Protein chains: 2
Amino acid sequence: MDGLNCIGKRAKAAAYSMKLLGQTEKNKGLHKAAECLRERAREILESNYLDVQEAERKGMKASLVDRLRLTDERIHSMAEGLMQIEALEDPTGDILYGKKRPNGLMIGKKRVPLGVVGIIYESRPNVTADAFGLCFKTGNAVILRGGSDAIHSNKKIVQILREALKEEGLPEDAILLIEDTSRDTATKFMGMNEYVDVLIPRGGAGLIQSVVQNSTIPVIETGTGNCHIYIDETADLDMAVKIVVNGKTQRLGVCNACESLVVHQKIGEEAVYAICKALEDKGVEIRGCERTKDIYPSSSLALEEDYGTEYLDAIISVKMVDSIEEAIFHINKYNTGHSEAIVTNNYANARKFLDEIDAAAVYVNASTRFTDGYEFGFGAEMGISTQKLHVRGPMGLEALTTMKYVIEGDGQIR
Amino acid sequence: MDGLNCIGKRAKAAAYSMKLLGQTEKNKGLHKAAECLRERAREILESNYLDVQEAERKGMKASLVDRLRLTDERIHSMAEGLMQIEALEDPTGDILYGKKRPNGLMIGKKRVPLGVVGIIYESRPNVTADAFGLCFKTGNAVILRGGSDAIHSNKKIVQILREALKEEGLPEDAILLIEDTSRDTATKFMGMNEYVDVLIPRGGAGLIQSVVQNSTIPVIETGTGNCHIYIDETADLDMAVKIVVNGKTQRLGVCNACESLVVHQKIGEEAVYAICKALEDKGVEIRGCERTKDIYPSSSLALEEDYGTEYLDAIISVKMVDSIEEAIFHINKYNTGHSEAIVTNNYANARKFLDEIDAAAVYVNASTRFTDGYEFGFGAEMGISTQKLHVRGPMGLEALTTMKYVIEGDGQIR
């Protein structure tokens, strides 16, 4: 049996043990794992140093090296993350409903773990501990396939987590790492339907598309956010400026940042100027339509492709429209199903926007930056789903569960 | 633009209109569609006759020709099905929960249509009207790709349904048929992620596997059921016989039929004999393990592959075990995640079975035949999901919906 199938089998066996564990036992595991990460921070830093050295030798961009680099503080916050997950309520075992049928059968719908979760990610070693924590809390086994750049860090973190579980008498195979980081192995992993119940890619658009295109295992698509803010003609200008500046600049490289502005022309030239000026004052480059450029000459002309681009940078596209219908059409054409906002004081328009925009999160008079598991009150997050099946928007613990029907009778037949 | 992309665009545009319709309007469409099917039964029968003639000319098996053949009665029950869907409550628009966050943001989770549903099916023309009814009621547009054997029937049924919608001023493109039944077109259809939100294959195991392997669109896997009944040592013998005979013989060719029996040896030779005899009396061929054969000599010896086979026929495999642990291990090894039952009077064993068996529906003291949307009280069914994402078990109207977060604020920023 090759290595990958062996990992699949071990994960499946661990998933079987995991689903029988109570919350108390799982919490003990999470607690010990957090302790061990803190205690053994030195070892993690040493392994991480190998990855960072190699990355710098290969000439990796400084911003990427930064994502790869661990520090005492970062290891501390990985441990902190596990403690936060420990404090959450375990959703598995909940009865979602129960009904008695006319023939006396009792039908219950019970929340249960998914089984084996596969995670394919890039070079952020903190994902290793995060993903483990969320999967473990919900009674799933997890198979991780991280990027080659972080392989030494990932191996060490996984080793520490496994040893922590072992110390508590819990199934170590609840976390397994695919150490072979070749593309070929990744492709094989995406075809392991027999062992893996769901695959979650975490990383850039290229990685996600590759998993969506190649996986035969059900995928939860995450992350791409070409988010819009639409300023309606009745918008309060101060509020609009505040929300747009926050949506665009509070953090540039995140999926819920605003990438495009749509403005009703009736709000007036002064208002358009004020919004553009506020953005430019924050160092944002403006790429506008013809009309935007007329009002705000220091903007450059937006190309068609600008409207479809998730910049993740200090750039914003601006499109002026003559009606809310045109705004909705434009947004539904270019949005990636993540987060879209309207700023308005018109009740009917607010309702229309909420009804007609097709996205995971639709906002009235608030920043798109709130699409986040912590901001939504989930206490944890496994990314933002931009697909419609199973889970949409921020994924908390429930996203890592499924249900089964539990039916009790006394001899019923059809 | 080729035909398939054109169909995708039209469906997407229709889905946009569909989600704005209220239940009253959708019900008018379903009602008119049912009326038109009844009124134009003659036309449908004529088109169906072309398919049946062609099938017979090609030497199709009589049982398959029967599935293809429509009669006045079958058309009537297609129409009846649409009226039943009309009578159900539309689940879209429901608020699943609403929460006020500390910063004053109101976060609501609202049930909404999926958008565009793709259905790939074989030669049963009644699926055409059923799938339309369920999708239409939930505000989705549907693209159908039926088998070539039923193409004349499908074209006529779709034409009638579209004309019915048009008469009511509803979007006809809510139902679209891919008339080109080539394999090549099916493969292209499975890659239309831009237009299609979910793909549901309905048919045999070959069709389903082909869609799972080839689709890049999220798939809901349905239908394969290698269902077991486990007779525990404390089972009531009369109840066991009744449930086994019902599970196996009440209807042979369905996915929730029992295909395999697992028996605790301590129930005794007489009991094993009685169960086998009851099955054989109903014309069922028994393929047993060595121990079964010793007790019931007219059974044949089961091969390893028998335990993994969904017979859909008057055959059953029988395996004797020494413990409930062995039974659970055996069932989890061979089951397809559909429906599994235990017959027992032991409380701890009932609980253990419910907890440890990994399947969509797990039964105590009842027949596996109850896994069905109507028996569960859903009032309609789009097949039985055997996967864990999105929906598991019988799929009612809710399976054809997703949700979106609707967030209302008064200027909140992060």
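This is a predicted model, so every value here is computed, not measured. So you know, we letter chains A, B, ... as the sequences are listed, proteins then strands, and number each from 1. We use all heavy atoms of the structure for the numbers below, so side chains are in, but hydrogens, waters and symmetry mates are not.
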The interface call for A:I342 against chain B, heavy-atom contacts under 4.5 Å, is neither
Those residues at least two apart in sequence (or on a different chain) that pass ring-ring contact (aromatic ring centres under 6.0 Å, His included) with A:Y405 are B:F376
Contacts of A:D197 meeting salt bridge (Lys or Arg N to Asp or Glu O under 4.0 Å) (sequence neighbours excluded), chain-then-number -> B:K388
The interface call for B:I328 against chain A, heavy-atom contacts under 4.5 Å, is side chain
Bottom line for A:D358: the part with an atom under 4.5 Å from chain B's heavy atoms is both
Ranking B:K242, B:E356, B:Q213, B:K19 by heavy-atom pairs under 4.5 Å to chain A gives rank one to B:E356
Pair count under 4.5 Å, heavy atoms only, with chain B: among A:N246, A:I107, A:L20, A:T371, highest is A:N246
Minimal heavy-atom distance between B:R392 and A:M403, with the atoms involved, is CD-O, 2.8 Å
So, the part of B:L105 with a heavy atom under 4.5 Å from chain A: the answer is side chain
Applying a strict 4.5 Å limit to non-hydrogen atoms, the region of B:D238 in contact with chain A is neither
Most contact-rich option vs chain A, by heavy-atom pairs under 4.5 angstrom, among B:V391, B:V406, B:V245, is B:V406
Does the pair A:R369 and B:I413 meet the rule for a side-chain contact (heavy atoms from CB on, under 4.5 Å), with working shown?
CA-CA 8 Å; A:R369 287 279 293 117; B:I413 58 170; over 6 Å; no
Ranking B:G411, B:S367, B:A366 by heavy-atom pairs under 4.5 Å to chain A gives rank one to B:G411
Of all heavy-atom pairs linking B:K404 and A:L354, the shortest is NZ-O, 2.7 Å
Could you go through the side-chain contact (heavy atoms from CB on, under 4.5 Å) check for A:Y16 and B:N332 one step at a time?
CA-CA 10 Å; A:Y16 179 76; B:N332 277 339; 3.6 Å; yes
Shortest non-hydrogen pair, A:E375 vs B:R101, comes out as O-NE, 2.7 Å
So, the part of A:V362 with a heavy atom under 4.5 Å from chain B: the answer is both
Checked B:I357, B:T368, B:D236 vs chain A; the most non-hydrogen pairs under 4.5 Å come from B:I357
If one checks every heavy atom of A:N103 against chain B at 4.5 Å, the contacting part turns out to be side chain
Residue from B:P394, B:A360, B:P218, B:A240 scoring the most non-hydrogen pairs under 4.5 Å with chain A is B:A360
If one checks every heavy atom of B:N214 against chain A at 4.5 Å, the contacting part turns out to be neither
Whatever's closer than 4.5 Å to a heavy atom in chain B on A:E221 counts as neither
Bottom line for A:N345: the part with an atom under 4.5 Å from chain B's heavy atoms is neither
Honestly, the part of A:A361 sitting under 4.5 Å from a heavy atom of chain B is both
Here the pair of heavy atoms bringing A:L114 nearest to B:L389 is CD2-CD2, 3.9 Å
- B:K110 and A:D355 ion-paired at < 4.0 Å: yes
Heaviest contributor of heavy-atom pairs below 4.5 Å to chain A, chosen from B:V219, B:V343, B:T216, is B:T216
Applying a strict 4.5 Å limit to non-hydrogen atoms, the region of B:I243 in contact with chain A is both
Honestly, the part of A:A359 sitting under 4.5 Å from a heavy atom of chain B is backbone
Turns out that what part of A:Q250 lies under 4.5 Å from chain B's heavy atoms comes down to side chain
So, the part of B:I217 with a heavy atom under 4.5 Å from chain A: the answer is neither
